[in-house]
Amino acid sequence: MNLLWVVLLPLIGTLVPLFTERFGRNICAFCVALLPAWSLILVLMYAPDIFNGQAIRQTIEWIPAIGLEVSFRLDGLSLLFLLLILGIGLLVILYARYYLSLKDSMSRFYVYLMLFMAAMVGIVTSNNLIQLWMFWELTSISSFLLISFWSHKSEARKGARMALTVTGAGGLALLAGLLLIGRIVGSYDLDTVLASSDIIHAHAAYPVALILVLLGAFTKSAQFPFHFWLPHAMAAPTPVSAYLHSATMVKAGIFLMARFYPVLAGTDLWFIIVSLTGLTTLLLGAYIALFKHDLKGLLAYSTISHLGLITLLLGLNSPLAAVAAIFHIINHATFKASLFMAAGIIDHESGSRDMRQLNGLWQYMPYTATLAIVAALAMAGVPLLNGFLSKEMFFAETLNQSVLGSLSWTIPLLAVIGAAFSVAYSLRFIHDVFFNGQPVDLPKTPQEPPRYVRIPVEILVALCLLVGIFPAFVVGDLLHIASFAVLDHTVPVHNLAIWHGLNLPLLMSFMAMVGGVILYYNRRHLFEFQSHFDTTDAKHIFERTIQSLVKAAESITNTLENGSLQRYVFTLLLCTLVMGGLPLIELTQNSGTRASIPLDGVTIVCALLMIFSAVATVIWHRRRFLALIFLSVVGLIVSLTFAKFSAPDLALTQLSVEIVTIILLLLALFFLPQSSLKESSNRRLSVDLLVAGLIGCVIGTLCYAMLTTPLNTMSDFFIANSKTGGGGTNVVNVILVDFRGFDTLGEIIVLGIAALGIFKLIANMRIAIPARDDKGRAWSNDPHPMMLEVVSQSLLPLALLVSAYIFLRGHNMPGGGFIAGLITSVAIIQQYIAHGVQWIKPRVTIDYQWIIASGILIATATGLGSWLFGQAFLSTWFDYFSLPWIGKFELASAMLFDLGVYLTVVGAVMLILANLGKLTTSERLDIQENN
Amino acid sequence: MLNIAITIAAVLMCLSLMLNLWRLFKGPSRPDRILALDTMYINSIALIILFGIFSRTTLYFEAALLIAMLGFVSTAAMCKYILRGDLIE
Amino acid sequence: MLHLPILPILLPMLAAALMLLPPLSQSITRQRLFAVTIMITLVIVSVWLLLTCHQQGTQLYVLGGWQPPFGIALVADRLSALMVLLTAILGLGAQLYACAGDDKEGMYFHPLFMFQMLGVNGAFLTGDIFNLFVFFEVLLIASYALLIHGGGKQKTKANVHYVILNLVGSSIFLFALGILYGTLGTLNIQDMAMKVVSLNEQQQALTKAGGLLLLVVFGLKAALLPLHFWLPKTYAATSAPVAALFAIMTKIGVYSILRVHMTIFGQDAGALAHMAIPWLWPLALLTIVMGTIGVLASPGLRLSIANLVVVSVGTLLLAVAIQRESATSAALYYMIHSTFITGALFLIADMITKQRGKAEDRYVIARPLQNPKILGIAFFIAALTVVGMPPFSGFVSKILILQAANSMRETLWVWPILLLISLVFLVALSRAGTTIFWRAAGDNTQGKPLAPLKCIAIALLLGASPVLVIFGGPITQYTQLTAAQLHSKAPLPNSKLPIKKAKEMPTGQSHNAN
C-alpha cells in the first residue's frame, strides 16, 4: 500500500470519463466512481493506524531548488477531510449522473470534478508547503472550470471569473505567506514547520506571514469581506454547489487555518483577526440569507454564515472551541450538501429556484420534502440533529471568551442573533418551498425525482440524524483524532452528548429558536425594511472595477505607446545621451597624452567642405535630390580622408559603397515624393536640435578623449603576424580573410540576407510612374541614349579588368574581394542603366540568388576545408610557387574565401539594384505625358 | 622644387573644390549641381595623385582610378535620373 | 567531435545557402523536408553540445587557429549550450508550424529562417564582442526580412519602426565597441574581463560610457523600458511562426547583458563592478509594470502576448539585477519557461485568429471557434503557465524568483510586484479566454480543419511546460550550475584543436598598416 495512491487515484480518474463516455452514461458514472472509491478504501485501511495516534508520511524528492517535494502525510485532520471529500464526492458523482441533462457533456463535467477531487485530496494530505499551495491553486482552477460549466450563460462566466480572481488573489497571498513561513523556519516540510511554533511566533515577520496565510484562507472560505464571490458561484450546476461550495472547497480555507493552528494560532493578532472576521461573516451571511429569493442564494449565504461560525470558533484560541469547529465542519458538510442536492432536485423537477414561485411542493414531492426538511432543521440547529450539537458547543464557547474585554458579553448575544436568523431562513426554506399555498407559474409540474438521485440525499440526511442522536458513537473517535492533529496532541475533555443538562447554551438555543420563529413570522416587515437599502450586486461592482482598470490601462498605454517612431527614436537617443554622458562627468580631463598629428591646409579645407556638406544635407533633407548630391560630397571627402590617413583599403571600400548607395537611393528616390512636407513643428525641431546637439557634444568628447588616449591594443599582433601567419602583407585584408575571417563570413551573410529581404519586400510590388518630374516637366523621350550605351558598354571590360586586378592583389596590396565585388556590380549596373532590363535579360540568365548562395557556400567550404587537416574552421593555408614565365606567386586558401566574398557581394548588389529597377512597368503613359 | 609645385597645385585644387561646392550650393539648376559634383570627383583625383607624388608611393593610384570610374557612373546615373526619373527601365 | 561548438552555426548556414540553390530552391516541399531535417539535426547537435559542456566543462573553439584574444573564439559554456538548445527547440516548433502553410505566404521563408537561427546561435556561442556584433547584425537583418513575411500594411509599418530603431541601436553598438576596444585593447570577452581591472581613472570613465552604451543597445534588443515601445505592435503584427521564433530575440538582449555586465563588469571588475545594476533595478521593475498595464489594455490576444513578452523581459532582468547566484539560476529557469510559453502562445493565438473571421483575435463577441476543445485546452494550459498557476512551469519559476529575493529590500520590491502581476494576468487572461472561447454567436462552418503539423508544433512548445516541472529537479540543478559558472571567473579552457604558433609581438611603437 502506498499513500501516494490516495492522491494519484482521483488524479488518474480525470482521464476515466474521456474513455468511458462512449459506453453510456451509467457505465461512465460507475467507472468514474471506481477510482475515488478505491482511494476511499485505501484511506479506510489506513484508518486504524491513525486512530492509534500515528501519522503516516511518504516523501519523494522533486525540485529541491524550490523546496518542493512530493510529500504526503495522513493524520487525523487529513483523515476527517479525506472522508468528507471522497465520501461526499462519491455521492455527488452518483447525483450528477441523474442531474446532468443529455445536452451537457458528462465527460467534461466528470473530468473537472475529478480534477477538483484530486486537488482537494492533495491539499489535505500535503506534507510540503509548496505542494500544498500547488493543490490549493488547482482547486481554484477546477472550481473555475466547474462554475463556468454552462459557459454559454453570462452569469456562469462572470461568476467563474470572479471566483477565480478572488480565490486566485488569495492563493497568491497564501503563496507569499507560505514562502515567508518557509524562510522563517528554513524548511518547507510541514512536519518541521508544525514543530517550529516558537520560532514563528517570535519572528518579526510573523504578523505578515499570518495575514498573508489568512488572506488565502479567508478568500477561499468566503469570509467577509471576500464573501461576495460565493453566491455568484451558484451559477454552477447544483452538484458542484453541493460539493465545492458547501462541503469541500470552501472548507479548504478552514482546513488551512486548522492545519496551521499549532503554529499560527495562540496570539492576540490571530485572536482578533480570525474571531472578528468570523463573527462578522456569521452575522452578515445569516442576515442576507433570509432575504434571498433564490433557493441556492439562500443556501449560499447560509454557507457563508456557517463558515463564519467555524472561523469564529477557530479564532477563539481555546482548544474546546477548536474541537467544536471541527465538529461543525462535519455537520455543516453533511446537512448543507444534502440541502443543495435537494435544492437541485427541486430546481430540476420544477424548473425554478425562486421561492416566490415555489410553494406547496409537499403535495408533489413529499419524500424529497421530508429529506429536505430534516436537513433544514439540522441547519437550524434543532435537537436530535447534528447541527444542534455543534451549535450548543459553539454557544458554550462564546460564553468562554474575552475577545472584546468588558464588551465580550456582546459576542454570545450576537451569536444568538445570528442563530436566530439561521433559524428564520431555515424556516423560510421549509415553509415557503414546501407549504405556503400553491406553486406560482412553475415551468413544469413538480414530481418526485428518479429513485437513484435521492440516494445521496438519503445517506447524508441519515448521517445528520445518526450524528445527532448517537454523536459519541458515530463521530466521537474521528473528532478526537482530528482534534488531536489540530491541537498538537493535547485534546481537551469534551462530551459529545445530546443532553448536557439545563444550562446557558441550551437557553441560548431556545432563545435562538424562538427568535427565529418570530423573525420569520415578521418577515414581511423585515423585507420592507431591507428594501430601503440599495443592494448593489457584487458582480456589477466587480465587473465595473475590472472595466475601469482596463480603461485606465488603455489610457496609459495609448499615451505612452502612441505609435510615433519619432518619439521612440527620441527616447532611444535620450538614453544614449544619459548613458554616454553621465560617465563623462566623472572624466576630469578630456585630452590624453597622445601627441596629435600636425595639421595641413588641404585637410582643413576638406574638413570644412565636409562639415558644410553634412550640414547642408540636413538642412535640405526635404529636397531629396539636392540632399543626395551633398551626401555624395560627404562620402567623397570621407574617402579622401581615409586615403590621407593611411587607410587606402578603407578609401577604396568607402568609394565603391558610396556609389552603390547613391544608385540605390536614386532608384528609391523615384518612388518617393520629390519633396516632402514639413512635418515637425518649430518647437519639436528645436527640441530635436537640442538633443542632437547634446549627443554630438557627448560623442565628440568621447571621440576626442579616445583618440588622445594612448592605444594599447592587439593590433600589433596582427601587424607582426600578417605576413608570417596569414601569408599577406596587407594587414587589413589578412584581418578580413584570416584573423577575423569569421566576422567577414558573418558580414557577407548579412549582405546576402539584406538582398533577399529587399527582394522579398519588393518582389510583388508594382509602382505607377509619375508622369512628370517634380517641376512639372515632361520626361525625356529617349530611355537609352546612344552615347551612354556606347560608353557604358566599353566601360564594362575595363571595369571587370580593374575588378580582377583589385581582387587578385588584395592579399598583399589594398583591395580584396569586397571592393572587387562592388566594382563588378557597379559595372553591371551601368549596363542596366544604359541598356535597360530587356537588353540584359537574354544576356544574363543566371539567377542572382544563386550567386549569393554559391558565394556563401564557397566561403564556408573554404573554412570547412581545414577540417580535413585537423584544423579549426577557417584555418588558412598558403604557399609560394613558381611557374616558368610567370615567376614566383602565392596561393592561399584565403583567396578562395575572398572569392566567396566577391560572389556574395556581386549577387547581393545585383539582386537589390536590378530588382529595384524592375519595380516599374516598361511602358510610359504617353497620353499623360502629352497632357 | 617638386614640393613647391605640389603645394601650389594642392592649394589650387582646394580652391577649386571650394568653388565647386559653392556652385553646388548655388545651383541654380540640377545639371549645374551634377556638373559641380562631377568636377569635385576630378579635383579629388588630382588631390590623391598629388598626395601620392608627395609621399612617393603608388599606393593611392587605384583610389584615383576608382574615383574616375565610379564618378562617371555616379554622374551618369544622376543624369539619367533627371532625364527619365527611372534609372533602370 | 572536435568541431561540435561550431556546428550550431554551420548547419543552418549551409542549409540556408543550399536552399537558395536548385534543386531545393524550386520546390517548397523539398525545402520543408530539408529544413525540418536540418532543424531536428540541430536539436540533436544542441543536446549533444549541452551534454558535452555539462560533463566536460566549457568548450573553446578557436577560429582559424588564432590564439585568443587575437583570433575569434567560440566559447560554449553551460549558458551558451542552454540557449542554443532553447533556440533549436523553439525554432523547430515555429518551423513545423510554418510548414503547415504559412511559409508560402512570401519568398525565402526557410532560408531566412535558417539565417535567423544562424545569427541567434552565433550570438550565443561567440566569445568575442565584435563577433557578437556581427551575429547581432545577422539575426537583425534576418529578422527584418522575416517580420514582413506575409506582407500587409501593419507588418510593413511595424517593421519600419523596428528597422530604424535597430539601425540606430547598431550604430550605438559599434560606437560602444570602439570605445571599449580603445580602452581595453581587446575584443575577447574573457580578455576584456581581465583587463578591465587595470585601467586608469580616465580609461575607467570611458569604459563606463562604453559599457552603459552597450546596456542601451541590449536594452533596446531586450525591450527594456523605456526602449520597449517598438515591441508590442511589432510582435503582434508579424506572422505567427516568426513571432514564435522571436520569443528568443528579446532573450538575446538579456543574454548579452548577462555576458557583458556579469562577465566583464561583474563583481571582479574593480571600480566598474556592477555598473549597470543601479539602472537595471528600477528599469526592470518599471518594465514589468508597463508590460502588465499593456497586457490589461490590449484589445486583442496577440497584443496581450506581445506585452507578456515585455513583462517577461522585466522579470528576467529583475532576477539578473538581484545579482545573487540563486537569482541568476531563477532567471535562467524563467528564461526557458517564458521562451517556450510565449512561442506557444503566439502559435495558439494565430490559430484562434484564423478561426474567428473578421473579429480576428480581438476580445469581442464573434463566431464560435471550429475547434474549441483542442484550442481551448491549449490556451488554458498556456494561460495557467503564464499566470504561474500549478501544475505548469510558471509557478516553479515564480517561486524560484521569489525565493531568490532574499534581503528585506529585495523582498519588499520583488514580492508584491511579481504577485500582483500574476493577479493581473489572471484577470486579463480569464477575461480573454472566456470572451474568445465562450462568448460566441452564430455557427462556424467556414474554414479548414486543424492542420496536424500546427498541432504538433504547439504541442512541442506547450509540452515543454509540464516537462520543465516534472524534470524540475535536474533542470534547476543545471541552471544552478550554470549560474555558478557565470558568477565565477574561470580562465578559458584549452583548445582541443591545434593553435598556430604566433610570432612574438614586437615591442616597438605600433604603426599603421602598410
Side-chain angles (χ1 to χ4, degrees), chain A residues 601-602 605-606 608-609 612-613 616 625-626 629-630 632-633 636 639-640 643-644 648 651-652 655-656 658-659 662-663 666-667 669-670 769-770 773 779-780 782-785 788 791-792 795 798-799 802 806 813-815 823 826-827 829-830 832-834 836-837 913-914 916-918 920 922, chain B residues 6-7 9-11 13-18 20-22 24-25 27 29-30 32-34 36-38 40-41 43-45 47-48 50-52 54-55 57-89:
Chain A
V602 180
V605 169
C606 286
L608 286 176
L609 289 178
F612 182 83
S613 312
F625 186 71
L626 194 52
I629 294 182
F630 275 110
S632 317
V633 177
L636 178 67
S639 55
L640 285 182
K644 165 76 177 54
L652 295 184
L655 263 176
S656 13
E658 179 68 28
I659 301 305
I662 286 174
I663 295 174
L666 279 175
L667 278 168
L669 213 56
F670 182 50
I769 299 175
D773 72 359
W779 301 112
S780 151
D782 185 6
H784 308 300
L788 187 63
V791 176
S792 302
L795 180 72
L798 287 174
V802 170
I806 295 269
M813 299 287 276
I823 296 172
V826 170
I829 281 294
Q830 184 62 26
Y832 270 97
I833 294 175
V837 177
L913 294 189
L916 259 180
K918 285 182 198 159
T920 50
S922 52
Chain B
I6 290 173
T7 315
V11 169
M13 280 305 143
C14 285
L15 200 67
S16 144
L17 269 178
M18 285 194 282
N20 275 317
L21 192 70
W22 175 248
L24 215 171
F25 178 71
S29 74
R30 282 179 176 181
D32 292 334
R33 294 195 160 109
I34 295 175
L37 179 65
D38 196 50
M40 285 180 93
Y41 282 127
N43 293 340
S44 313
I45 297 172
L47 267 182
I48 285 183
L50 282 175
F51 185 63
F54 177 73
S55 38
T57 166
T58 53
L59 208 58
Y60 298 102
F61 288 0
E62 283 76 23
L65 182 73
L66 271 196
I67 298 185
M69 198 180 91
L70 299 177
F72 162 71
V73 175
S74 158
T75 308
M78 285 186 177
C79 293
K80 180 84 197 292
Y81 177 78
I82 55 169
L83 277 179
R84 291 283 296 171
D86 198 4
L87 279 197
I88 299 172
E89 295 179 75

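Below, chains carry the letters A, B, ... as their sequence lines are ordered, and counting in each starts from 1.
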Per-residue contact mode, [X] against chain A (heavy atom under 4.5 angstrom):
X     : value
B/L70 : both
B/I48 : side chain
B/M78 : both
B/M18 : both

Let me confirm one number: the [atom1]-[atom2] distance from [X] to [Y], rounded to the nearest 0.5 Å.
X     : Y     : atom1 : atom2 : result
B/R30 : B/Y81 : CZ    : OH    : 6.0 Å
B/M13 : B/I45 : CE    : CD1   : 10.5 Å
B/S55 : B/Y60 : OG    : OH    : 5.5 Å

Just so I understand: if I count every heavy-atom pair under 4.5 Å between each of [options] and chain B, which residue has the most?
options                        : answer
A/P783, A/A651, A/A827         : A/P783
A/V602, A/L788, A/I806         : A/V602
A/I662, A/L608, A/L667, A/V826 : A/L667

Is chain B contacted by the side chain of [X], its backbone, both, or neither, given a heavy-atom distance below 4.5 Å?
X      : answer
A/A643 : both
A/S656 : both
A/V837 : both
A/I663 : both
A/V633 : both
A/L795 : side chain
A/L666 : both
A/L640 : side chain

Do [X] and [Y] make a side-chain contact, defined as non-hydrogen atoms from C-beta onward lying under 4.5 Å apart?
X      : Y      : value
B/L21  : A/S613 : yes
A/F625 : A/L669 : yes
B/L47  : B/L17  : yes

>> Heavy-atom pairs under 4.5 Å with chain A: which of B/I67, B/I82, B/I88 has the most?
In response: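 Highest number of pairs under 4.5 Å: B/I88.
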
Please give me the minimum heavy-atom distance between [X] and [Y], naming the atom from each residue.
X      : Y      : result
B/A36  : B/N20  : CB-O, 3.5 Å
A/A799 : A/I823 : O-CG2, 3.8 Å
A/L636 : B/M40  : CD2-O, 3.8 Å

> Parallel, tilted or perpendicular for B/F25 and A/F630, by the 30°/60° rule?
Replying inline: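 The arrangement is perpendicular - the two ring planes meet at more than 60°.
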
